[in-house]
Amino acid sequence: MAFEGLADRLQNTMQKIRGKGKVTEADVKEMMREVRLALLEADVNFKVVKNFVKKVSERSVGQEVMKSLTPGQQVIKVVKEELTELMGGEQSQIAVAKRSPTVIMMVGLQGAGKTTTTGKLANLLRKRYNRKPLLVAADIYRPAAIKQLETLGKQLNMPVFSLGDQVSPVEIAKQAIEQAKADHHDYVLIDTAGRLHVDEDLMGELKDIKELTNPDEIFLVVDAMTGQDAVNVAQSFNDQLGVTGVILTKLDGDTRGGAALSIRAVTEKPIKFAGMGEKLDALEPFHPERMASRILGMGDVLTLIEKAQTNVDSEKAKELEQKMRTMSFTFDDFLEQLGQVRSMGPLDEIIKMLPGANKIKGLNNVQVDEKQISHIEAIIQSMTSEEKQHPEIISSGRKKRIAKGSGTSIQEVNRLLKQFEEMKKMMKQMSGMQQKGKKKGMPFKFPFM
Ligand SMILES: Nc1nc2c(ncn2[C@@H]2O[C@H](COP(=O)(O)OP(=O)(O)OP(=O)(O)O)[C@@H](O)[C@H]2O)c(=O)[nH]1
Ligand SMILES: [Mg+2]
């Protein structure tokens with residue numbers, strides 16, 4: 001797993017500060033010492049680390065944190081925001097030329113993953129963006145390079161433009177674009193040969209292709225496993241060629257994360273995609289925020305907190321918590337809570353944002369049945385207020401009435417009653433655990449999951 005060491009260390013550090021009701025400058029200093037070491041150990045560029053630590057420290061001892069009611073959590077929020085910023089802030093989209101085709105050059109060191117990524121990108125462009133790419137075999141140097149791209153083309157059932165290995169890459173690129181226009185391709189992906197940034201002749205060839213084809217994107221393909229070196233190479237490629245974006249490959253491997261965390265800051269070029277495996281569908285648009293969240297092991301809980309802050313009435317939330325503690329939680333409360341949670345967005349989206357959700361197997365595939373939720377609401381609405389307060393009085397006669405009133409079945413009513421009991425039991429356990437200071441490990445399950 002990528003980022004494992006870094007993630008572990010950062011999460012441990014965050015754990016220490018999370019629950020603090022008061023955060024002193026000394027706490028921040030201590031935390032930042034650990035963050036600094038964690039980043040350096042992950043092979044992040046030292047200047048980048050220095051800058052990052054400075055920014056987080058300044059913000060953490062500032063008003064926004066110290067004066068807040070939950071300073072520990074605010075510090076973590078600052079760390080996450082700065083990590084996101086470090087990786088580019090907003091997600092960066094792929095270019096679209098005003099007039100088709102959009103021309104993309106793939107460049108980078110030998111073995112970085114250019115050819116594979118050319119195939120993956122073509123696949124993604126077709127699948128997600130409904131585009132019609134043309135793959136161009138412009139690596140005339142490595143034996144079997146053309147064959148490799150042609151094989152990918154076959155697997156994808158996409159055309160590959162090639163003129164063999166006796167024609168110059170500049171000429172190949174030029175003719176490929178003409179062909180693309182004739183065949184109405186809207187993207188041209190030029191796979192170039194791997195080369196060293198210090199090889200002047202070969203770098204000159206890339207400049208010639210650039211001059212002639214005027215590409216919309218020059219993607220530098222970078223092997224994330226190479227850490228610090230990748231960053232130096234990237235800087236050199238960028239200086240000579242002016243790349244427009246970076247594609248990080250092999251993020252599925254056990255990279256320490258240095259490249260992912262420094263490359264944007266050093267080159268000031270966005271990371272646009274991430275390769276997550278050898279298969280042709282293993283390329284994802286790069287989301288700085290999600291990556292930061294993943295590194296900090298928090299799912300997307302901050303968005304969740306913000307959503308909750310904007311959607312849930314805090315007085316009511318407090319009242320609800322009190323009820324959970326004292327076990328006086330009723331079906332009325334349940335209905336209200338259901339409404340509040342639903343107002344935050346589609347439930348399966350919300351569940352994915354829960355911390356630790358990435359560690360629970362199968363959770364990514366949870367399907368929340370919205371219809372079932374409506375049934376639950378209907379059942380509760382068909383209860384009398386006495387039944388809602390004291391569900392234990394619901395006899396089989398009453399169940400029949402409720403089922404009829406809500407247009408559901410007795411089985412469904414039974415199931416809800418049972419699940420409600422279980423939920424109350426779980427709440428009791430959870431609030432007991434929280435009081436002992438242990439918050440981890442208790443997966444919360446809504447009855448409609
Ligand atoms: N695990 C993993 N392997 C990858 C990824 N991307 C590429 N590879 C592998 O890396 C190796 C090199 O990939 P290529 O696409 O041939 O690299 P290249 O940059 O075209 O290499 P040259 O043309 O020789 O410069 C292959 O074995 C790929 O399967 C990735 O995201 N994850
Ligand atoms: Mg190649």
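Atoms within a ligand are numbered from 1 in the order they appear, just like the ligands themselves.
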*In terms of atom number and element, which parts of ligand 1 are under 4.0 angstrom from non-hydrogen atoms of D139?*
23 (O)
*With heavy atoms under 4.0 Å as the rule, classify the contact between T117 and ligand 1 as side chain, backbone, both or neither.*
neither
_Within 6.0 angstrom of R131 CZ, more than 12 heavy atoms from elsewhere_ = yes
*4.5 Å side-chain heavy-atom contact, T249 and T117*: yes
_Protein residue, atom and distance nearest to atom 24 (O) of ligand 1, heavy-atom basis_ = R142 NE, 2.8 Å
*From T115, does some N, O or S atom reach closer than 2.8 Å to the Mg ion (ligand 2)?*
yes
*Protein contact of atom 14 (P) of ligand 1 - nearest heavy atom, named by residue and atom, plus distance*: T116 OG1, 3.3 Å
_Closest to atom 17 (O) of ligand 1 (judged by heavy-atom distance), picking from G113, G275, A145_ = G113
*Candidate pair L39 and F46, rule side-chain contact (heavy atoms from CB on, under 4.5 Å), full reasoning*: CA-CA 9 Å; L39 290 171; F46 82 95; over 6 Å; no
_From the candidates M106, M225, Q110, K250, the one that places a heavy atom nearest atom 8 (N) of ligand 1_ = K250
*K55 atom NZ: more than 12 heavy-atom contacts under 6.0 Å*: no
*Subset of ligand 1 atoms that lie under 4.0 Å from at least one heavy atom of G194*: 25 (O)
*Does Q148 reach ligand 1, in the sense of a heavy atom lying below 4.0 Å from it?*
yes
_Is a donor from one side chain sitting under 3.5 angstrom from an acceptor on the other, for D183 and Q179?_
yes
*Give a yes or no on whether the backbone of L109 and the side-chain of K114 come within a donor-acceptor separation of less than 3.5 Å.*
yes
*Quick one: which of L248, L86, L251, I271 gives a side-chain contact (heavy atoms from CB on, under 4.5 Å) with M291?*
L251
*asked:* Are K174 and E171 packed together at the side-chain level, in the sense that at least one heavy-atom pair is separated by less than 4.5 angstrom?
replied: yes
*Within a strict 4.5 Å, meaning less than it, do heavy atoms of the L121 and Y187 side chains meet?*
no
*For A282 and ligand 1, answer yes if some heavy atom of the residue is under 4.0 Å from a ligand atom, otherwise no.*
no
*Which atoms of ligand 1 have any heavy atom of T115 under 4.0 Å away?*
15 (O), 18 (P), 20 (O), 23 (O)
_Ring-plane angle category for H197 and F237, please: parallel below 30°, perpendicular beyond 60°, tilted otherwise._
tilted
*For K114 and ligand 1, does the shortest N/O to N/O distance drop below 3.5 Å?*
yes
*If you measure from each non-hydrogen atom of D252 to ligand 1, which part falls under 4.0 Å: side chain, backbone, both or neither?*
side chain
*asked:* Contact between ligand 1 and G253 is defined here as a heavy atom of the residue under 4.0 Å from a ligand atom; is it met?
replied: no
*Where the closest heavy atom to atom 27 (O) of ligand 1 is concerned, which of K120, E278, M276 has it?*
E278
*Within-shell test, G277 vs ligand 1, heavy atom, strictly < 4.0 Å*: yes
*Please write down residue, atom name and distance for the protein heavy atom closest to atom 12 (C) of ligand 1.*
G111 O, 3.8 Å
*Candidates K80, E81, E90, M87 - the one meeting side-chain contact (heavy atoms from CB on, under 4.5 Å) with E289*: K80
